[in-house]
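Working notes, structure below.
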Amino acid sequence: MSLFVAAMAMTANAQVYVGGSVGVGSVKLGSDDAETTYKFMPEVGYNLNSDWAIGVALGYQKGACTLGKGAYAQDVDTELLQVNPYVRYTAVKSKLINVFVDGGVGFGSYKDQGTQFELGLRPGVAVNLNENISFVAHVGFVGFESFSPKGDGDSSNTVGVDLDGKNVTFGLYFNF
């Protein structure tokens, strides 16, 4: 009975958020026809206190992707399944806007192509539309990325800052 009461008390005070992002785009690779690319990234998290939260985003992407970086980069049409657990630190808080950074680890598997791994930071901003709904944007990535192709291909490893348009996401969170 004590465990039940404790669980109910934790749930009553829980600061759980759910949401995620959805993206649709058109990509033209060389002289080929344009292809629609879409991404679905649901997310769930728990606010430990006013500064710290933990969460996980699960994702699916289908369409044109760039695998690897620099001289090893290749454009392919594929599917990606990924999981990204993270810890979030909110550095600036106001009634309307919160500025945060997610520190996380990402794992992904490209269908018939290979796997990816990343470790780094994703800065973001949340616009609090009301007490229960937030519009959230992540901009860029700072850290380490690795892609390992299936078969005999060369792996690629990248350390640095990536601020291109592919690293901007928008989504909605519902706060409970």
Side-chain angles (χ1 to χ4, degrees), residues 1-25 38-61 65-67 69 79-110 115-148 156-176:
M1 185 67 165
S2 297
L3 288 175
F4 177 74
V5 171
M8 292 302 291
M10 285 179 59
T11 304
N13 293 325
Q15 294 295 315
V16 174
Y17 56 90
V18 297
S21 57
V22 176
V24 177
Y38 59 90
K39 184 176 189 176
F40 178 65
M41 195 90 172
E43 186 174 334
V44 63
Y46 180 82
N47 292 310
L48 301 171
N49 57 40
S50 64
D51 294 333
W52 293 94
I54 56 174
V56 64
L58 305 171
Y60 173 77
Q61 180 176 338
C65 298
T66 301
L67 306 178
K69 300 283 184 184
E79 295 178 41
L80 168 65
L81 294 174
Q82 61 189 34
V83 59
N84 300 88
Y86 62 86
V87 174
R88 174 172 294 167
Y89 176 70
T90 304
V92 177
K93 295 177 280 291
S94 74
K95 184 175 181 178
L96 295 177
I97 295 177
N98 296 342
V99 178
F100 61 86
V101 63
D102 291 348
V105 177
F107 303 95
S109 177
Y110 290 94
T115 58
Q116 74 176 16
F117 170 78
E118 66 182 30
L119 175 66
L121 303 173
R122 291 189 189 284
V125 62
V127 177
N128 303 315
L129 302 176
N130 62 38
E131 188 176 302
N132 297 322
I133 300 174
S134 300
F135 174 77
V136 178
H138 288 89
V139 181
F141 177 79
V142 177
F144 171 79
E145 295 176 303
S146 176
F147 175 73
S148 299
S156 67
N157 297 310
T158 306
V159 176
V161 178
D162 192 355
L163 295 175
D164 68 14
K166 294 179 184 175
N167 276 320
V168 177
T169 62
F170 300 102
L172 282 177
Y173 286 179
F174 298 95
N175 304 295
F176 299 98

Can you measure from [atom1] ([X]) to [atom2] ([Y]) and round to the nearest 0.5 angstrom?
X    : Y    : atom1 : atom2 : result
Y173 : N132 : OH    : CG    : 15.5 Å
Y60  : L80  : OH    : CG    : 9.5 Å
L172 : F135 : CG    : CZ    : 7.0 Å
W52  : Y89  : CH2   : OH    : 7.0 Å
Q82  : M41  : CD    : CE    : 4.0 Å

State, with a plain yes or no, whether a side-chain heavy atom of [X] is found less than 4.5 Å away from one of [Y].
X    : Y    : value
F107 : F117 : yes
N84  : E118 : yes
L96  : V127 : no

For the residue pair [X] and [Y], what are the closest heavy atoms and their distance?
X    : Y    : value
V16  : Y46  : CG2-CD1, 3.8 Å
D162 : E145 : OD2-OE1, 4.2 Å
N47  : A53  : OD1-CB, 3.4 Å
Y86  : V56  : CE2-N, 3.6 Å
R122 : G140 : NH1-O, 3.6 Å
Y17  : I54  : OH-O, 3.9 Å

| said: According to side-chain hydrogen bond (donor to acceptor under 3.5 Å, both in side chains), does anything in residues 91-107 pair up with another residue at least two apart or in another chain? List the pairs. | reply: D51-K93, R88-D102, D102-H138

| V125: partners by side chain to side chain contact (heavy atoms under 4.5 Å, CB included), with sequence neighbours left out |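 Partners of V125 by the side chain to side chain contact (heavy atoms under 4.5 Å, CB included) criterion, ordered by chain and then number, come out as I97, V99, A137.
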
| Full working for side chain to side chain contact (heavy atoms under 4.5 Å, CB included) between T115 and F147 | CA-CA 6 Å; T115 58; F147 175 73; over 6 Å; no

